[in-house]
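Inspection log for the structure reproduced underneath, given as structure tokens.
Numbers for residues simply follow the sequence, beginning at 1. Worth knowing before you read on, the calculation uses all heavy atoms, side chains too, and leaves out hydrogens, waters and symmetry mates.
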Amino acid sequence: MKQQPLYEMIYREILGGIEDGSYGPGDRIPSEKELSEKYRVSRITSKKALEMLAEEGKIIRMAGKGSFVAGKERRGEWEKDSRAGRAKKLVGVIMDGFGPSFGCELLVNLELECRRQGFLMLLRCTNGNMEEEVRALDELLSAGADGILIMCVHDENYNSRVLRLVVEHFPVVTLDRQLKGIPVPFVGTDNEAAAKELADWLLDRGFHSICLATHFSRDTSTIEERQNGLRRACHDRGMIADESLWITDLCATLPGSRSEENRERDAEHIMDFLERHPQIDSFFAVEYGIAEMIYRCLCVKKLQDRYPVVCFDSPGDVMPGRTFTHVRQDEKTIGETGVRLLAEAMEKKEAPKKVLVPYRIVEAEKR
């Protein structure tokens, strides 16, 4: 009698656990390493067993996160009594915050595209708080949402509720910020390429000691990609970005941290940092609010004409304010595309996993 291959034995044992309920939808199953140690086999053998389960749609494998039991379609379970008699589909939108420099135009176009598609839209704002994000998801699902568009909170940990929705095949599209390692559709800007082009603008003009300024360190894809763009711009010129000149612990522009006390603290920190690093010749802010704060600090020291400041986004014509050379993201297209991707997901059509919307560099007007 032919002996059963070891990978097939592991495959059948895990499959049995899924079928008898030992592993439920969304549950993490043992990793390649854990399986190889348990069964005393090579990682190649355990990997093959997991690949067979993934190919059959029994599990979902997420790089850096692990393997999880795929849920059956549970759309019926999400359909609460609130859907009774409702002809239009309900789209839940979750944003951590929005303002004139970024978010307002995005929000307007999300709503307009929902109307074009015949959807009702329900908005929840989290103000940068993970607990509020979890609560918003629960509220929208209880309200009978057919799909979710989400701009996730800046945080080092992803929301486990989103992971649960992904493995249960609930329609979710992320906006502006990718969830690394999780197979969920995303619409946003190529932040690394945009940041590189913005840094090139400074480097082309002879500014090499660039101070990158960002809020306090979080493992957020958007911020990490903008930092990588500056690194790439320097690398392509045979330079190494001097990260000792970076300010990475600001907080006053984050949703939920906008207070006079935090603004004063950040301003004092910026001015002190400039005193201690006189070699700085320019500033690269990851967002407009930080650029505006830096400019005000330079004005206090009467240095505003000496140090160029570049950033992502700008209020433009929405409200008066200082204009910097900046990356202009196409919020209109991001909003429209996000709703269309969600519509495809709700209809169970094949949707691209990642859509990068074009951006442009807008130079500050000379005064």
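- The closest donor-acceptor contact from the side chain of Asp281 to the backbone of Phe207 lies at 3.5 Å or more, if one exists at all.
- Note: Phe273 and His269 have perpendicular aromatic rings, judged against thresholds of 30 and 60 degrees for the angle between ring planes.
- Within the model, atoms CG of Leu137 and CZ of Arg124 stand 11.5 Å from one another, a figure rounded to the nearest 0.5 Å.
- In this structure, the separation between CG on Leu298 and CE on Met271 is 9.5 Å, given to the nearest 0.5 Å.
- For Glu268, the CD atom counts as loosely surrounded, since its 6.0 Å shell holds 12 or fewer non-hydrogen atoms of other residues, nucleotides or ligands.
- At a threshold of 4.5 Å between non-hydrogen side-chain atoms, the residues Glu51 and Tyr7 do not count as touching.
- Within the 3.5 Å criterion, the main-chain N or O of Thr126 finds no donor-acceptor partner in the side chain of Glu132.
- Looking at residues two or more places apart in sequence or on another chain, you find no salt bridge (charged side-chain N to carboxylate O under 4.0 Å, His left out) involving Asp242.
- A distance-only check finds no donor-acceptor pair linking the side chain of Asn127 to the backbone of Pro255 [under 3.5 Å].
- For the pair Arg237/His208, no side-chain contact is recorded, criterion being any heavy-atom separation below 4.5 Å from C-beta on.
- For the pair Pro183 and Val166, the tightest heavy-atom approach, listed with the atom from each and the gap, is O-CG1, 3.8 Å.
- Of the possible polar contacts, one joining the Arg328 side chain to the Ser314 backbone as a donor-acceptor pair under 3.5 Å is found.
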Review point. What's the verdict on side-chain contact (heavy atoms from CB on, under 4.5 Å) for Glu331 and Asn109, showing C-alpha distance, side-chain angles and the deciding distance?
Key: CA-CA 8 Å; Glu331 297 180 60; Asn109 284 280; 5.7 Å; no
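- For Ala199 against Phe284, the heavy-atom pair with the smallest separation is N-CE1, 3.9 Å.
- Within the 4.5 Å cutoff, side-chain heavy atoms of Met346 are placed close to those of Phe119.
- Glu13 CD to Ser22 OG: the interatomic distance, rounded to the nearest 0.5 Å, is 11.0 Å.
- Shortest non-hydrogen contact noted between Cys234 and Ile240 is CB-C, 4.3 Å.
- A heavy-atom distance below 4.5 Å is found between the side chains of Cys152 and Glu133.
- Under the 4.5 Å side-chain heavy-atom criterion for Ile, Leu, Val, Met, Phe, Trp and Tyr, Ile361 and Phe312 are members of the same hydrophobic cluster.
- Val108 and Leu123 sit in two unconnected hydrophobic clusters of ILVMFWY residues. Membership requires side-chain heavy atoms under 4.5 Å apart, directly or through other members.
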Practice item. Show your working on salt bridge (Lys or Arg N to Asp or Glu O under 4.0 Å) between Lys332 and Glu336 and close with a plain yes or no. Key: CA-CA 6 Å; Lys332 180 177 185 292; Glu336 293 173 347; 2.8 Å; yes
Exercise for review: Could you walk me through whether Leu106 and Asp176 pass side-chain contact (heavy atoms from CB on, under 4.5 Å), step by step?
Suggested key: CA-CA 10 Å; Leu106 171 61; Asp176 186 54; 5.6 Å; no
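- Using cut-offs of 30° and 60° for the angle between ring planes, the Tyr288 and Phe324 rings count as tilted.
- In this structure, Val362 is not a member of the same hydrophobic cluster as Val309, with clusters built from ILVMFWY side-chain heavy atoms closer than 4.5 Å.
- Around CZ of Arg40, the count of heavy atoms belonging to other residues, nucleotides or ligands within 6.0 Å does not exceed 12.
- Dense packing is recorded around CD of Glu260, with more than 12 heavy atoms of other residues, nucleotides or ligands lying under 6.0 Å away.
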Practice item. Give the intermediate values and the outcome of salt bridge (Lys or Arg N to Asp or Glu O under 4.0 Å) for residues Glu37 and Lys33. Key: CA-CA 6 Å; Glu37 291 173 351; Lys33 182 176 184 294; 2.7 Å; yes
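- The aromatic rings of Phe283 and Tyr307 stand perpendicular to each other, their planes meeting at an angle above 60°, with 30° marking the opposite boundary.
- Considering all non-hydrogen atoms of both residues, Leu250 and Ala213 come closest at CD1-CB, 4.3 Å.
- Taking 4.5 Å as the limit, every side-chain heavy atom of Tyr39 sits out of range of all side-chain heavy atoms of Thr45.
- With hydrogens and angles ignored, the 3.5 Å screen pairs a side-chain donor or acceptor of Ser221 with a backbone N or O of Gln178.
- One side chain, Glu287 or Thr253, offers a donor N or O that lies under 3.5 Å from an acceptor on the other.
- With 3.5 Å as the limit, one finds no donor-acceptor pair spanning the side chains of Arg265 and Asn262.
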Exercise for review: Could you go through the side-chain contact (heavy atoms from CB on, under 4.5 Å) check for Lys58 and Ile14 one step at a time?
Suggested key: CA-CA 10 Å; Lys58 302 297 183 183; Ile14 297 175; over 6 Å; no
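- For Gln279, the CD atom counts as densely surrounded, since its 6.0 Å shell holds more than 12 non-hydrogen atoms of other residues, nucleotides or ligands.
- Counting heavy atoms from C-beta on, the side chains of Leu198 and Thr325 come closer than 4.5 Å.
- No donor-acceptor distance shorter than 3.5 angstrom exists from the side chain of Ser101 to the backbone of Gly289, with no hydrogens or angles considered.
- A salt bridge is absent between Lys47 and Glu32; no separation between the charged side-chain nitrogens and carboxylate oxygens falls under 4.0 Å.
- Ser259 places no side-chain N or O within donor-acceptor distance of the main-chain N or O of Ala252, the cut-off being under 3.5 Å.
- Between Gln329 and Thr189, the side chains place a donor N or O and an acceptor N or O closer than 3.5 Å (distance only, hydrogens not considered).
- Cluster membership for Tyr23 and Met52, using ILVMFWY side-chain heavy atoms within less than 4.5 angstrom, is shared.
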Exercise for review: Please lay out, stage by stage, how Val187 and Val357 fare under the test side-chain contact (heavy atoms from CB on, under 4.5 Å).
Suggested key: CA-CA 7 Å; Val187 185; Val357 173; 3.9 Å; yes
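- Nearest heavy-atom pair across Val41 and Leu35 is CG2-O, 4.3 Å.
- Checking side-chain atoms of Asp266 against main-chain N and O of Cys251 turns up a donor-acceptor pair under 3.5 Å.
- Side-chain contact between Val339 and Leu342 is absent, with no heavy atoms from C-beta onward closer than 4.5 Å.
- A distance of 11.0 Å separates CG of Leu107 from CZ of Phe102, quoted to the nearest 0.5 Å.
- Taking the side chain as every heavy atom from C-beta outward, Thr248 and Glu243 never approach each other to under 4.5 Å.
- By the 4.0 Å N-to-carboxylate-O rule, Arg296 lies close enough to Glu292 to be salt-bridged with it.
- Both Trp246 and Leu203 are assigned to one and the same hydrophobic cluster, defined by single-linkage of ILVMFWY side chains at heavy-atom distances under 4.5 Å.
- Note: Ile270 CD1 to Lys301 NZ = 11.5 Å, rounded to the nearest 0.5 Å.
- Atoms CD1 and CZ, from Ile280 and Arg306 in turn, are 10.5 Å apart once rounded to the nearest 0.5 Å.
- For the pair Gly57 and Ala70, the tightest heavy-atom approach, listed with the atom from each and the gap, is O-CB, 3.4 Å.
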